[in-house]
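Here is the structure we will look at.
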Amino acid sequence: QVQLVESGGGLVQPGGSLRLSCAASGSGFSINNMDWYRQTPGKQREWVADITSVGMTNYADFVKGRFTISRDNAKKTVYLQMNSLKPEDTAVYLCGVAVSERQWGNRVYWGQGLQVTVSS
């Protein structure tokens with residue numbers, strides 16, 4: 001199976017920056033698309049950004065021009081560079097990784113979630 005480990009969350013002031021990482025480990029799989037979502041208590045989970053296996057990216061309107069998604073295929077890692085952070089960006093951020101496994105075919109794995117708090 002695939003295990004995801006997220007890192008890089010924390011507290012930052014408005015206008016500050018933070019970089020989130022999500023690294024996949026295991027064997028017998030290849031990675032397809034990689035996504036970032038965020039969750040606020042009492043609110044439906046929001047899609048933030050995604051990146052395809054060939055590096056094409058898409059962003060939610062509320063982060064365009066501020067966030068950048070990227071991937072390092074050698075490290076099996078997806079990143080989310082978050083700039084010009086706003087208090088409304090406060091949420092738990094989760095990575096989603098779509099994989100093709102030799103044994104189980106196509107499936108999606110989810111990270112444990114990272115708390116990002118933007119406050120002065």
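E6 places a side-chain N or O within 3.5 Å of a backbone atom of C95 that can act as its donor or acceptor partner.
V78 pairs in a side-chain contact (heavy atoms from CB on, under 4.5 Å) with only one of the listed residues (N73, D72, I69, L20), which is I69.
By the 4.5 Å heavy-atom criterion applied to side chains, D50 and T57 are not counted as neighbours. Looking only at side-chain heavy atoms (C-beta outward), T90 and V116 stay at 4.5 Å or farther from each other. Two residues are said to be in side-chain contact when any heavy atoms from C-beta on lie closer than 4.5 Å; R38 and V92 fail this criterion. With contacts defined as side-chain heavy-atom distances shorter than 4.5 Å, the pair Y109/V99 qualifies. By the 4.5 Å heavy-atom criterion applied to side chains, W36 and L94 are not counted as neighbours. Residues F29 and K76 have side chains in contact (heavy-atom distance under 4.5 Å, counting atoms from C-beta outward).
Scanning for side-chain contact (heavy atoms from CB on, under 4.5 Å) contacts around T40 gives K43, A91, with sequence neighbours left out. Looking at residues two or more places apart in sequence or on another chain, you find a salt bridge (charged side-chain N to carboxylate O under 4.0 Å, His left out) between R66 and D89.
A cation-pi geometry, defined here as NZ or CZ lying under 6.0 Å from the six-membered ring centre and within 45° of its normal, holds between R45 and W110.
Side chains of N32 and S53: no donor on one and acceptor on the other come within 3.5 Å. E46 and Y93 form no side-chain donor-acceptor contact under 3.5 Å, judged by distance and modelled atom types alone. For the residue pair N33 / T52, no side-chain donor-acceptor distance below 3.5 Å is found, with atom types taken as modelled.
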